[in-house]
Q: 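Please read through the structure below; I'll follow up with questions.
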Amino acid sequence: MEIDFSKIEKKWQKKWEDGKIFEVKENPKKKKFYVLEMYPYPSGSGLHIGHAFNYTIGDIIARMKIMQGFNVLHPMGFDSFGLPAENAAIKAKSHPKIFTEEAIANYITQQKALGITYDWRRMVETHKPDYYKWDQWIFLKMFEKGLAYKKKSSVNWCRMCGTVLANEQVKNGACWRHEDINVEIKQLEQWFFKITDYADELYEKIDTLENWPDRIKAMQKNWIGKSHGTEIQFEINGEKWPIFTTRPDTIFGVTFMVISAQHPRLMELVTNEQKKEVEKFLKKLKSTSEKELADLEKAGVFTGSYAINPITKEKVPVWAGNFVVADYGAGMVMAVPAHDQRDFEFAEKYEIPVKIVIQPEEHLSPERMTEAYTGSGKLVNSEGFDGLHNEEAKEHIAIYLKEKKLGKKVINYKLRDWLISRQRFWGTPIPIIYCDKCGIVPVPEKDLPVKLPDNIKFKSEKNPLIDNKEFVNVKCPKCKGNAKRETDTMDTFVNSSWYFFRYCDAKNSKEIFEKKKTKYWMPIDLYIGGAEHACMHLIYFRFYTKFLRDLGLTDLDEPTQNLFNQGMIHGEDGFVMSKSRGNVIDPLDVSKKYSADTLRMFLVSVSSPDRDSSWSSTGIESMHKFVNKFINFVLEIKKGKSSEKAESKINKAIKEITNDIEGMQYNLAIIKIRQLTDSLSEEKEISKKDTEKIIKIITPFCPHIAEELWEKLGNKSFISLEKWPVADEKKINEKLEEQEKAVESLIGDINNVLKIVGEKNKVSIYVIPKEKEIYEDATETIRKKTNLDVSIYSVNDKDKYDPENKSKKAKLGKPAIYLE
RNA sequence: GCGGAUAUGCCGGAGUGGUCAAACGGGACAGACUCAAAAUCUGUUGGCUUAGUGCCUACAAAGGUUCGAAUCCUUUUAUCCGCACCA
């Protein structure tokens with residue numbers, strides 16, 4: 001039968017929409033299930049295959065859950081602030097809003113064409129004032145709590161983006177959007193969110209995230225980088241300077257100190273004699289980018305100052321070095337060349353003494369060392385601590401330092417505060433006013449939102465807000481005097497840090513969301529997206545959830561316990577899809593050529609959805625054949641009574657497929673659907689009820705076709721809302737399956753012998769009496785599959801035809817055969 | 001350097017202690033149908049051997065645990081990814 005896929009897709013999409021069947025509201029009587037795919041940035045080029053994959057993964061489970069009777073929240077929205085639209089607007093001398101809204105309209109059309117169960121009433125678009133108003137509101141709350149602050153510091157600048165970037169947006173020293181552009185370090189005054197206040201909770205709660213991929217959890221731990229150590233006060237020029245170390249046990253081995261060349265107070269330590277040298281060194285450093293810095297040989301210059309070791313009272317030189325990170329720990333380290341490789345290399349280069357304070361079994365001596373000894377051992381040259389194992393010594397020395405008020409135990413994090421200012425137009429305006437009299441004044445809540453003006457002129461790449469007098473000039477909310485607005489906007493990751501809360505109450509104009517509503521829907525039961533957000537969005541959205549909790553807006557510690565990382569779909573050539581490679585597959589082309597259902601099926605059939613896979617044109621072709629085969633099977637099979645065997649198979653399939661979908665092993669579910677269809681096509685008839693069950697279990701994968709078939713069987717309802725079948729365990733008959741296998745193996749044997757002895761016409765089969773029925777029932781199948789005349793005899797049958805006395809070879813489960 | 005993941009037949013990928021020469025799909029080959037092709041259907045697809053058998057070699061490599069391992073343990077190697085001079 002010829003199916004007009006595109007026609008039935010449109011038909012059912014319209015019916016679903018008209019029937020509002022995927023629109024949901026809170027219902028305390030029903031169990032909720034919140035499934036969320038990461039919302040997209042609406043780019044001008046439309047949906048790509050990764051989007052289609054992402055949405056399909058979510059839709060399959062959403063559809064099954066709906067049919068299982070859950071109240072399923074499955075929303076979609078757009079992360080619609082961002083640079084590409086702004087850059088396009090600059091080029092076209094237009095407004096980014098125009099590009100953005102066109103792109104969104106296009107996305108919605110394309111998303112609808114995939115037949116996804118979104119509740120479109122809940123759509124959020126982050127560029128709309130009714131959304132970003134609440135971004136600003138959160139900012140004000142952060143400001144109130146001291147978590148939003150302005151500070152001058154070294155920040156990452158991308159000249160292509162024309163703005164500063166958060167630490168999380170710097171990859172390998174380059175901009176996350178421009179991998180060939182190394183970021184520059186600039187000293188700028190910028191707005192930060194104090195995410196470090198939550199560093200400990202963000203770190204510790206990672207272990208509670210049961211269903212997050214290990215990889216993501218490891219990446220976040222690594223990124224937050226919690227380490228236990230000791231802060232020790234060294235005296236330099238009569239002033240106390242703290243350093244951070246994880247190795248207080250080596251304090252007697254300190255032979256010099258190194259302060260970061262980027263340390264803001266470096267010059268305070270530089271003596272007049274050394275000033276020239278240091279400046280020369282700094283100048284040379286400045287011309288190297290951060291990326292090159294990483295590969296650079298350790299180098300430094302003597303500052304002229306000396307530090308006093310708080311325990312030994314020894315005077316050691318303080319150097320400025322290129323390998324010390326300025327904003328980690330104290331930006332200065334105590335250097336123990338004998339027991340730290342970096343210090344060792346540095347000491348070797350500048351001929352600084354090496355002092356061994358930890359001795360392992362195999363005796364070390366400074367002259368023979370070619371690298372630092374970082375292992376364990378007993379303390380030596382350490383006065384009263386000599387003889388202690390170094391692990392014990394860590395503890396003892398820390399206590400000693402604490403008693404003498406020379407140091408204390410501390411915890412350090414690699415995580416830095418989140419730099420949220422962006423020197424760009426197309427983002428949420430930071431709701432801050434600068435007044436000459438009153439200083440930094442937050443915009444009062446009642447004046448929110450601070451709207452982006454429609455009337456703007458782009459001049460080069462400069463943020464047009466700066467020249468927009470109507471925007472900039474404002475009265476100070478405190479003194480009513482003339483004041484100016486902040487013109488920086490917020491990082492777009494701010495918008496995506498709480499959008500999942502807003503879906504629960506997307507149209508609320510009075511408050512950010514109603515707590516009662518989010519209490520019903522949250523947490524997200526399944527969050528689906530790519531792994532590229534591991535150390536960006538996926539940290540930020542945890543941070544925001546904690547902050548909103550502390551505001552009392554939610555009781556949740558974590559936004560979701562279940563994170564699913566989809567794999568990447570590569571081109572047919574195995575490479576990442578890219579225009580320049582010409583291996584891009586457009587999901588819309590595919591669904592037009594085959595069907596949306598074929599595309600959905602294919603996307604999740606190649607391998608487990610969390611794995612990378614490659615596009616395959618033969619694969620989609622084959623899936624399309626299967627889809628057609630399935631349709632024909634359902635329509636053509638005689639609706640009568642199901643055999644026991646068919647019932648067993650159907651129920652077993654229901655059971656297994658339900659588990660596979662639940663476990664997101666869609667590829668396995670599809671294999672089972674294929675197997676079921678293949679084996680049932682041998683049946684003469686199947687009951688209408690069973691046929692309907694089969695259509696139901698394919699509904700999450702092929703919703704349009706399922707609806708159409710459901711209707712063709714005479715049903716008036718939506719299959720999408722029908723009850724998911726539950727396997728009747730009693731009908732699963734393993735014995736029948738075994739018997740079927742036995743018959744198959746017999747057929748295999750016959751064919752095998754035929755191969756050896758050549759063509760024959762007739763087969764006589766001798767079976768153990770109690771098995772006779774099994775094989776007799778299969779006579780027709782055997783005949784069909786071997787193309788032979790089939791006679792079946794019981795071995796104890798006296799009248800059997802058995803000229804070569806083969807029957808005596810028969811065994812249980814393995815009949816004897818005679819071919820002629 | 002640190003951390004995470006992966007390694008299965010021509011290919012993609014199932015398979016976590018025996019029922020595994022290994023699901024399912026792709027590809028290839030052979031056959032049926034057809035004037036022919038497409039579609040569809042059937043079979044074969046590690047080696048040798050054989051009236052349906054038996055044996056050997058196999059699940060990155062090497063060891064080990066076990067009556068028994070693709071599956072468990074140890075080590076090694078390779079690939080991919082993330083962080084990276086974090087003291």
Side-chain angles (χ1 to χ4, degrees), chain A residues 170-173 213-227 229-230 243-248 250 257-258 260 293-298 321-336 339-343 345-346 374 412-416 531-532 534-535 565 568 574 602 605-608 610-623 625-626 628-629 632 665 667-668 670-675 678 681 738 741 745-758 760 763 765 784-787 804 806 809 814-819:
Chain A
V170 179
K171 305 278 160 197
N172 261 329
D214 289 342
R215 184 166 63 121
I216 304 294
K217 292 202 274 188
M219 280 162 82
Q220 290 210 352
K221 279 200 167 177
N222 199 341
W223 185 259
I224 298 168
K226 183 176 183 176
S227 61
T230 309
I243 60 96
F244 174 76
T245 181
T246 52
R247 296 295 305 273
T250 62
M257 308 285 287
V258 190
S260 168
L293 216 63
D295 310 319
L296 224 55
E297 200 190 322
K298 283 160 200 58
N322 64 358
F323 68 96
V324 176
V325 179
D327 50 359
Y328 179 74
M332 175 154 66
V333 297
M334 64 179 212
V336 185
H339 306 293
D340 183 285
Q341 186 56 26
R342 292 154 301 185
D343 300 346
E345 285 168 32
F346 195 86
T374 55
N412 245 310
Y413 300 93
K414 283 201 259 180
L415 184 75
R416 312 293 152 75
E532 66 275 15
C535 294
N565 274 142
M568 275 253 281
F602 173 71
S605 71
V606 186
S607 78
S608 177
D610 56 348
R611 286 228 197 180
D612 290 353
S613 58
S614 296
W615 185 257
S616 157
S617 44
T618 50
I620 184 103
E621 195 80 48
S622 135
M623 187 51 77
K625 283 178 195 167
F626 172 72
N628 277 302
K629 190 173 166 182
N632 290 333
Q665 293 188 292
N667 53 327
L668 303 186
I670 287 174
I671 285 166
K672 279 155 201 164
I673 291 172
R674 287 183 101 123
Q675 284 172 330
D678 276 352
S681 56
E738 274 165 36
K741 267 190 201 150
S745 125
L746 174 67
I747 292 166
D749 287 346
I750 296 169
N751 282 325
N752 203 351
V753 179
L754 276 177
K755 216 171 64 189
I756 297 159
V757 300
K760 299 281 175 188
V763 62
I765 297 166
K784 259 208 315 231
K785 291 202 171 169
T786 57
N787 249 328
E804 291 192 13
K806 294 278 184 193
K809 284 188 158 185
K814 198 167 185 70
I817 53 185
Y818 173 62
L819 283 156

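The basis for the numbers below is simple: all heavy atoms, side chains too, and nothing from hydrogens, waters or symmetry mates.
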Q: Considering only atom C1', compute the distance from G12(B) to G17(B) and round it to an integer number of Å.
A: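 About 27 Å, rounded to a whole number of Å.
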
Q: Rounding to the closest angstrom, what is the interatomic distance between A60(B) and A7(B) at atom P?
A: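 The same atom, P, in both gives a distance of 8 Å.
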
Q: State which of G12(B), G13(B), G4(B) makes the closest approach to the side chain of Ser607(A).
A: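 Closest of the options to the side chain of Ser607(A): G13(B).
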
Q: Identify whether any heavy atom of Lys629(A) sits under 4.0 Å from a base atom; if not, whether one sits that close to sugar-phosphate; answer base, sugar-phosphate or nothing.
A: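 Counting heavy atoms under 4.0 Å across all strands, the contact made by Lys629(A) is with sugar-phosphate only.
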
Q: Asp610(A) has an atom CG; how far is it from atom C1' of U6(B), in whole Å?
A: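 About 12 Å, once rounded to whole Å.
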
Q: From C-beta outward on Trp223(A), which listed nucleotide comes closest to its side chain: A84(B), G4(B), A51(B)?
A: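 That would be A84(B).
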
Q: Please compare Ser608(A) and Met219(A) by the position of their nearest nucleotide in RNA chain B and report the one closer to 5'.
A: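 That would be Ser608(A).
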
Q: So Leu819(A), base contact, sugar-phosphate only, or nothing? Heavy-atom distance under 4.0 Å.
A: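 Base, at least one base atom sits under 4.0 Å.
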
Q: Would you mind telling me which of G52(B), C81(B), C85(B) lies closest to the side-chain atoms of Phe323(A)?
A: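 Selected nucleotide (nearest to the side chain): C85(B).
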
Q: Rounded to whole angstrom units, what separation is found between the CE atom of Met568(A) and the C1' atom of U6(B)?
A: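 About 16 Å, once rounded to whole Å.
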
Q: What interatomic distance, in whole Å, is found between C1' of A14(B) and the corresponding atom of G68(B)?
A: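 Comparing C1' positions in G68(B) and A14(B) gives a spacing of 23 Å.
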
Q: Scan Gln675(A) against the nucleic acid and name what it touches under 4.0 Å (heavy atoms): base, sugar-phosphate only, or nothing.
A: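 Sugar-phosphate contact only - Gln675(A) comes under 4.0 Å of backbone atoms but never of a base.
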
Q: Give me the distance, rounded to whole Å, that separates U65(B) from C72(B) when you measure between the C1' atoms they each carry.
A: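 Rounded to whole Å, the distance is 8 Å.
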
Q: Can you check the distance between G3(B) and C67(B), where both ends of the measurement are the C1' atom (answer in whole Å)?
A: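 G3(B) and C67(B) have their C1' atoms separated by 40 Å.
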
Q: What is the distance, rounded to the nearest whole Å, between atom CG of Leu668(A) and atom C1' of G13(B)?
A: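 Whole-Å distance recorded here is 10 Å.
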
Q: Working to the nearest 0.5 angstrom, can you tell me the gap between Glu532(A) CD and Met568(A) CE?
A: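 It comes to 8.0 Å.
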
Q: Determine the minimum heavy-atom distance between Pro248(A) and Thr230(A), stating which atoms define it.
A: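 Looks like CG-OG1, 3.4 Å.
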
Q: Could you give the distance separating G43(B) and C35(B) at their C1' atoms, to the nearest angstrom?
A: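 To the nearest whole Å, 25 Å.
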
Q: So Phe602(A) and Trp615(A), would you call those rings parallel, tilted or perpendicular, with 30° and 60° as cut-offs?
A: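 The rings of Phe602(A) and Trp615(A) stand perpendicular, inter-plane angle above 60°.
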
Q: If you look at every strand shown and take non-hydrogen atoms under 4.0 Å, does Pro248(A) touch a base, only sugar-phosphate, or nothing?
A: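 It contacts nothing in the nucleic acid.
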
Q: Would you tell me if any nitrogen or oxygen in the side chain of Arg611(A) comes within less than 4.0 Å of OP1 or OP2 on A7(B)?
A: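 Checking A7(B) against Arg611(A), a side-chain N or O does come within under 4.0 Å of OP1 or OP2.
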
Q: Looking at Asp678(A) and Lys629(A), is any side-chain nitrogen of the basic one under 4.0 Å from a carboxylate oxygen of the acidic one?
A: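 Yes.
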
Q: Asn667(A) side chain: which of U53(B), A87(B), G13(B) is closest?
A: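 Shortest atom-to-atom distance from the side chain points to G13(B).
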
Q: Give one of base, sugar-phosphate or nothing for Ser745(A), where a contact means two heavy atoms less than 4.0 Å apart.
A: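 No contact.
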
Q: How close do Asp343(A) and Ala335(A) get, heavy atom to heavy atom, and via which atoms?
A: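 Scanning both residues, the minimum pair turns out to be OD2-CA, 3.2 Å.
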
Q: Report the stems of RNA chain B as range-with-range entries sorted by first number; a stem here is at least three consecutive pairs, Watson-Crick or G-U wobble, both distances under 3.5 Å, and write none if there are none.
A: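 Stem segments, range with range: B:1-7 with B:77-83, B:10-12 with B:24-26, B:27-32 with B:40-45, B:46-48 with B:54-56, B:60-64 with B:72-76.
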
Q: Which nucleotide, G82(B), A23(B), A5(B), lies nearest any side-chain atom of Ile671(A)?
A: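 Selected nucleotide (nearest to the side chain): A23(B).
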
Q: Could you tell me whether Ser227(A) contacts a base, only the sugar-phosphate backbone, or nothing, with contacts defined as non-hydrogen atoms closer than 4.0 Å?
A: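 The answer is sugar-phosphate, as Ser227(A) gets under 4.0 Å only of primed atoms, P, OP1 or OP2.
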
Q: Do any side-chain nitrogens or oxygens of Tyr328(A) fall under 4.0 Å of OP1 or OP2 in A87(B)?
A: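 Yes.
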
Q: Where the side chain of Lys414(A) is concerned, which of C83(B), G15(B), U53(B) is the nearest nucleotide?
A: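 Shortest atom-to-atom distance from the side chain points to C83(B).
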
Q: Can you give me the closest heavy-atom contact between Trp223(A) and Cys535(A), atom names plus distance?
A: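 Taking Trp223(A) first and Cys535(A) second, the nearest heavy atoms are CB-SG, 3.6 Å.
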
Q: Can you tell me the distance, in whole Å, between the CD1 atom of Ile224(A) and the P atom of A84(B)?
A: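 Going from Ile224(A) (CD1) to A84(B) (P), I get 14 Å.
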
Q: What is the distance, rounded to the nearest whole Å, between atom CD of Glu345(A) and atom P of G1(B)?
A: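 Rounding to the nearest Å, CD of Glu345(A) and P of G1(B) are 13 Å apart.
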
Q: Once you round it to whole Å, what is the distance between C1' of G3(B) and NZ of Lys217(A)?
A: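 Result: 15 Å.
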
Q: Under 4.0 angstrom, heavy atoms only, what part of the nucleic acid is Ala534(A) near: base, sugar-phosphate, or nothing?
A: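 No contact at all - Ala534(A) keeps every heavy atom at 4.0 Å or more from the nucleic acid.
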
Q: With a cut-off of less than 4.0 Å, is there a side-chain N or O of Lys221(A) near OP1 or OP2 of G3(B)?
A: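 No.
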
Q: Taking the side chain of Lys806(A) as heavy atoms from C-beta outward, which of C85(B), G4(B), A51(B) is closest to it?
A: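 Of the candidates, A51(B) comes closest.
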
Q: Do Asp340(A) and Arg247(A) sit within salt-bridge range, that is, some charged N less than 4.0 Å from a carboxylate O?
A: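 No salt bridge links Asp340(A) with Arg247(A).
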
Q: Taking the side chain of Gln665(A) as its heavy atoms from C-beta onward, which of G3(B), A51(B), G15(B) lies nearest to it?
A: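 Of the options given, the side chain of Gln665(A) lies nearest G15(B).
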
Q: The side chain of Arg215(A) lies closest to which of these nucleotides: C81(B), A51(B), A87(B)?
A: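 Closest of the options to the side chain of Arg215(A): C81(B).
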
Q: What integer number of Å spans the P atoms of A22(B) and C55(B)?
A: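 Pairwise P distance, A22(B) against C55(B), rounds to 15 Å.
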
Q: For Asp214(A) and G3(B), give me the distance from atom CG to atom P, rounded to whole Å.
A: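 So the two atoms are 14 Å apart, to the nearest Å.
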
Q: Does Val325(A) reach a base, just sugar-phosphate, or nothing at all? Heavy atoms under 4.0 Å.
A: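 Counting heavy atoms under 4.0 Å across all strands, the contact made by Val325(A) includes a base.
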
Q: Rounded to the nearest Å, what distance is computed from the NZ atom of residue Lys298(A) to the P atom of nucleotide G1(B)?
A: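 Going from NZ in Lys298(A) over to P in G1(B) covers 14 Å.
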
Q: What nucleic acid atoms does Val336(A) come within less than 4.0 Å of, heavy atoms only: base, sugar-phosphate, or nothing?
A: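 No contact.
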
Q: List, with names and distances, any nitrogen or oxygen atoms from the protein found under 3.5 Å away from nitrogen or oxygen atoms belonging to nucleotides 44-46 of chain B.
A:
none

Q: Would you indicate what Phe626(A) reaches in the nucleic acid, counting non-hydrogen atoms under 4.0 angstrom: base, sugar-phosphate, or nothing?
A: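 If one applies the 4.0 Å heavy-atom cut-off, Phe626(A) turns out to touch nothing in the nucleic acid.
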
Q: Using a 4.0 Å heavy-atom cut-off to protein, can you give one letter per nucleotide of nucleotides 25-33 of chain B, 5' to 3': B if the base is in contact, S if only the sugar-phosphate is, - if neither?
A: SSS------

